[in-house]
Amino acid sequence: MNATNTKRERKKARRAERIAAERAAAKRQQMLRRARVGLLALLVVGAIVAAALFMVRGADATLGVPAPEVSGEAPSLPPPPAEQGAEDPAVGSRAPQITGYDPDGEPVQIGGTGQPQALSFLAHWCPHCQAEVPEVVEWVEEGNLPSGVDLVAVSTQHDPARPNWPPDRWLADEGWQGPVLVDHDLTASEAYGARGTPFWVFVDGDGTVVARHPGRLTLGELADYVDALERG
């Protein structure tokens with residue numbers, strides 16, 4: 001009787017040890033799972049924070065360069081007339097001299113450079129600009145822009161929440177080769193009377209406004225305006 005009881009007690013003890021070991025192993029597995037979940041949560045939070053910081057830096061509407069400044073004494077140009085075909089009061093006026101920077105921080109000047117300039121005021125999100133830019137790029141690549149005329153993009157009306165941000169990448173992807181003036185605070189746009197995009201201004205080598213064209217240009221119109229610049 002005592003031997004039987006002793007045997008049962010040993011079995012019971014071994015069973016209790018096995019159950020305890022199984023519970024300890026299950027507890028360790030549970031702790032490991034919790035640790036993995038916690039680590040994964042930390043990694044996710046870190047990725048979200050990193051993405052947020054990247055987005056904040058990428059959402060800088062200034063592109064990291066100072067706003068352009070009016071460097072000459074010429075007054076701002078009035079807006080173009082609303083009536084189609086009406087005489088533009090800005091034609092024959094002195095073009096405002098604007099000194100600013102491109103997206104890489106290199107200086108860019110429009111007006112009063114001594115060189116004829118075709119100024120294209122563009123917004124990265126503007127559908128008409130998106131359609132016009134590749135046409136102008138192809139026109140230039142075909143050799144239609146005279147060597148004595150500078151084609152300058154004025155990147156304006158920046159909005160990081162809208163398409164084709166950032167504008168310098170958009171223009172580079174389209175193959176734009178000319179200078180790009182960053183006009184994030186509309187200094188240049190307001191000085192030249194631009195009220196929308198695209199908007200073109202043609203300035204001769206003496207710094208006089210030869211023509212302005214609100215809205216999208218045909219390539220024939222662009223050629224005519226550039227010819228007028230060359231004629232001086």
Side-chain angles (χ1 to χ4, degrees), residues 61 63 67-70 72 74-103 108-113 115-137 139-140 145 149-159 162-165 167-168 170-171 174 176 178-204 207-229:
L63 300 184
E69 297 180 352
V70 179
S76 296
L77 303 177
E83 301 81 8
Q84 188 174 3
E87 183 177 351
D88 187 346
V91 172
S93 301
R94 299 293 297 175
Q97 295 181 26
I98 308 294
T99 301
Y101 299 89
D102 71 7
V108 179
Q109 181 177 326
I110 60 175
T113 64
Q115 186 89 349
Q117 292 180 312
L119 309 176
S120 177
F121 290 76
L122 303 167
H124 60 92
W125 48 264
C126 164
H128 297 294
C129 301
Q130 293 165 19
E132 184 179 72
V133 165
E135 294 179 351
V136 173
V137 167
W139 183 82
V140 172
L145 181 69
V149 176
D150 291 336
L151 177 63
V152 182
V154 180
S155 179
T156 190
Q157 298 187 34
H158 291 179
D159 186 346
R162 303 182 76 172
N164 289 331
W165 182 261
D168 52 322
W170 163 57
L171 289 169
E174 293 291 355
W176 189 275
V180 178
L181 175 71
V182 177
D183 184 37
H184 55 75
D185 71 342
L186 307 184
T187 293
S189 297
E190 292 175 355
Y192 277 83
R195 292 296 181 268
T197 56
F199 184 79
W200 288 83
V201 184
F202 299 87
V203 181
D204 68 16
T208 301
V209 177
V210 173
R212 293 191 302 178
H213 186 103
R216 187 175 172 183
L217 275 176
T218 67
L219 295 181
E221 289 171 328
L222 177 57
D224 289 342
Y225 285 128
V226 169
D227 286 344
L229 278 182

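The structure displayed is predicted, hence computed values, not measured ones.
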* To do: Answer whether the closest heavy-atom distance between the side chains of Thr187 and Val70 falls below 4.5 Å.
  => yes
* Asked: Any ion pair linking Glu135 and Arg216 (charged N to carboxylate O, less than 4.0 Å)?
  -> yes
* Is there side-chain contact between Val203 and Val210, with heavy atoms separated by less than 4.5 Å? -> no
* Structure fact -> Note: Arg162 and His124 closest approach over all heavy atoms is O-CE1, 3.9 Å
* Asked: What do you reckon, is CD of Glu221 surrounded by more than 12 foreign heavy atoms closer than 6.0 Å?
  -> yes
* Nearest heavy-atom pair of Cys126 and Pro198: which atoms, and what distance? -> SG-CD, 3.9 Å
* Please name the pair of heavy atoms, one in Glu174 and one in Val137, separated by the smallest distance, quoted to 0.1 Å. => O-CG1, 3.5 Å
* Asked: Backbone N or O of Trp125 within a donor-acceptor pair of the Gln130 side chain at under 3.5 Å?
  -> yes
* Answer yes or no: are there more than 12 heavy-atom neighbours, outside Tyr101 itself, under 6.0 Å from its atom OH? => no
* Evaluate the side-chain proximity of Val140 to Trp176: yes if any heavy-atom separation is below 4.5 Å, no if none is. => no
* To do: Classify the ring geometry between Phe121 and Tyr192 as parallel (under 30°), tilted (30 to 60°) or perpendicular (over 60°).
  => tilted
* **Gap between atom CG of Asp102 and atom OG of Ser155 - 0.5 Å precision** => 11.0 Å
* **Contact check, side chains of Thr197 and His128, non-hydrogen atoms, under 4.5 Å** => no
* Non-neighbouring partners of Arg94 that pass salt bridge (Lys or Arg N to Asp or Glu O under 4.0 Å), sequence neighbours left out -> none
* For Asp185 against Pro68, the heavy-atom pair lying closest together -> OD1-CD, 3.7 Å
* Non-hydrogen side-chain atoms of Arg212 and Val209 separated by less than 4.5 Å -> yes
* To do: Start with the C-alpha gap between His213 and Tyr225, add the side-chain angles, then the distance that decides, and say whether ring pair (Phe, Tyr, Trp, His ring centres under 6.0 Å) holds.
  => CA-CA 9 Å; His213 186 103; Tyr225 285 128; 5.7 Å; yes
* Is there a side-chain contact between Val136 and Leu222, using heavy atoms and a 4.5 Å cut-off? -> yes
* **Heavy-atom donor-acceptor pair, Gln117 side chain to Val201 backbone, under 3.5 Å** => no
* Asked: For the residue pair Gln157 and Ala123, what are the closest heavy atoms and their distance?
  -> CB-CB, 4.2 Å
* Asked: Closest approach of Pro214 and Phe199, non-hydrogen atoms and distance?
  -> CA-CD1, 3.6 Å
